[in-house]
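All figures in this text were calculated on a predicted structure; none of them were measured in a lab.
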Amino acid sequence: MVSEFLGFLPNLVAAILFGIIGYILAKFISNLINIGETFLDRMVDKTGFKDTDKLINILKKVVFILIFIPFLIQAFNALGLDAISGPANDILADFTALIGEILIAGIILAVFIWGGKYLANFL
């Protein structure tokens, strides 16, 4: 039993390191959004949305989750928990496949908002 625990110990250390590094990196990058808050505030003011603090907090949480979840899945992989890491890897692969489609949808939405503003002024 002791030898099994000692054999599992490097996996546990690797999982803890993945978790800590992922948390610190996600927290750091999500806090960088505060630096760009004035730029985002000017961009959002043009759309007419007044409560930018809530939007910034939502954006910080989304960025944190998008960065931390892959590190968490790698921690599960390091532990060898196939019941958790297998489906989590599948979900992560499906999500990364959708990133291009999400970006294209965002660009199309931005173009229609920008074009709608000028069309409304024209009419």
Side-chain angles (χ1 to χ4, degrees):
M1 186 171 161
V2 172
S3 66
E4 286 181 27
F5 176 73
L6 291 177
F8 185 72
L9 200 56
N11 296 347
L12 184 63
V13 170
I16 290 171
L17 285 176
F18 274 125
I20 290 172
I21 290 170
Y23 179 79
I24 291 171
L25 185 66
K27 197 68 165 168
F28 176 74
I29 293 175
S30 67
N31 283 334
L32 284 178
I33 293 175
N34 284 338
I35 294 172
E37 185 174 1
T38 57
F39 174 73
L40 289 173
D41 199 21
R42 283 186 275 139
M43 293 285 289
V44 172
D45 281 343
K46 292 179 183 178
T47 63
F49 188 75
K50 299 297 180 202
D51 200 10
T52 58
D53 291 335
K54 288 182 182 178
L55 184 66
I56 296 296
N57 284 334
I58 291 170
L59 186 62
K60 282 176 61 174
K61 289 177 184 176
V62 167
V63 166
F64 180 84
I65 289 170
L66 287 176
I67 294 172
F68 185 62
I69 293 295
F71 280 96
L72 188 64
I73 291 172
Q74 288 303 317
F76 287 138
N77 285 336
L79 285 175
L81 299 174
D82 294 332
I84 296 173
S85 65
N89 284 330
D90 294 340
I91 291 171
L92 185 64
D94 291 343
F95 179 73
T96 53
L98 288 175
I99 288 177
E101 294 175 15
I102 292 170
L103 289 175
I104 290 171
I107 291 170
I108 290 171
L109 185 63
V111 166
F112 277 105
I113 288 173
W114 178 70
K117 184 174 81 170
Y118 287 111
L119 184 63
N121 288 337
F122 179 71
L123 293 177

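Considering Ile91, Leu92, Ile84 as possible partners of Ile73, the one that fulfils the side-chain contact (heavy atoms from CB on, under 4.5 Å) test is Leu92.
Using cut-offs of 30° and 60° on the angle between ring planes, the pair Phe18 and Phe71 is tilted.
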Practice prompt. For side-chain contact (heavy atoms from CB on, under 4.5 Å), just list the numbers for Leu79 and Phe8, CA-CA rounded to whole Å, side-chain angles, deciding distance to a tenth of an Å, and then say yes or no.
Written response: CA-CA 8 Å; Leu79 285 175; Phe8 185 72; 3.6 Å; yes
Discussion item. side-chain contact (heavy atoms from CB on, under 4.5 Å) for Phe64 and Ile33? Distances and angles first, verdict last.
Written reply: CA-CA 10 Å; Phe64 180 84; Ile33 293 175; over 6 Å; no
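Sparse packing is recorded around CZ of Phe28, with 12 or fewer heavy atoms of other residues, nucleotides or ligands lying under 6.0 Å away.
Between the CG atom in Leu109 and the CD1 atom in Ile102 there is a gap of 13.0 Å [rounded to 0.5 Å]. Atoms CG and NZ, on Asn57 and Lys60 in that order, are 6.0 Å from each other to the nearest 0.5 Å. One distance of note links CG of Leu66 with CD1 of Ile69; it measures 8.5 Å at 0.5 Å rounding.
Residue Leu98 is not grouped with residue Ile107 when hydrophobic side chains (ILVMFWY) are merged at heavy-atom distances under 4.5 angstrom, including chains of intermediate members. Cluster annotation: Ile20 is not connected to Val13 through the hydrophobic network of ILVMFWY side chains, with a link wherever side-chain heavy atoms come within less than 4.5 Å. Cluster membership for Leu103 and Ile108, using ILVMFWY side-chain heavy atoms within less than 4.5 angstrom, is not shared. Side-chain heavy atoms closer than 4.5 Å link hydrophobic residues (I, L, V, M, F, W, Y) into clusters, and following such links, even through other members, never connects Leu17 to Leu72. Cluster annotation: Phe76 is connected to Ile16 through the hydrophobic network of ILVMFWY side chains, with a link wherever side-chain heavy atoms come within less than 4.5 Å.
Residues Lys117 and Ile113 form no side-chain contact, since every pair of their non-hydrogen atoms from C-beta on lies 4.5 Å or further apart.
Nearest heavy atoms, Ala14 versus Ala78: CB-CB, 4.1 Å.
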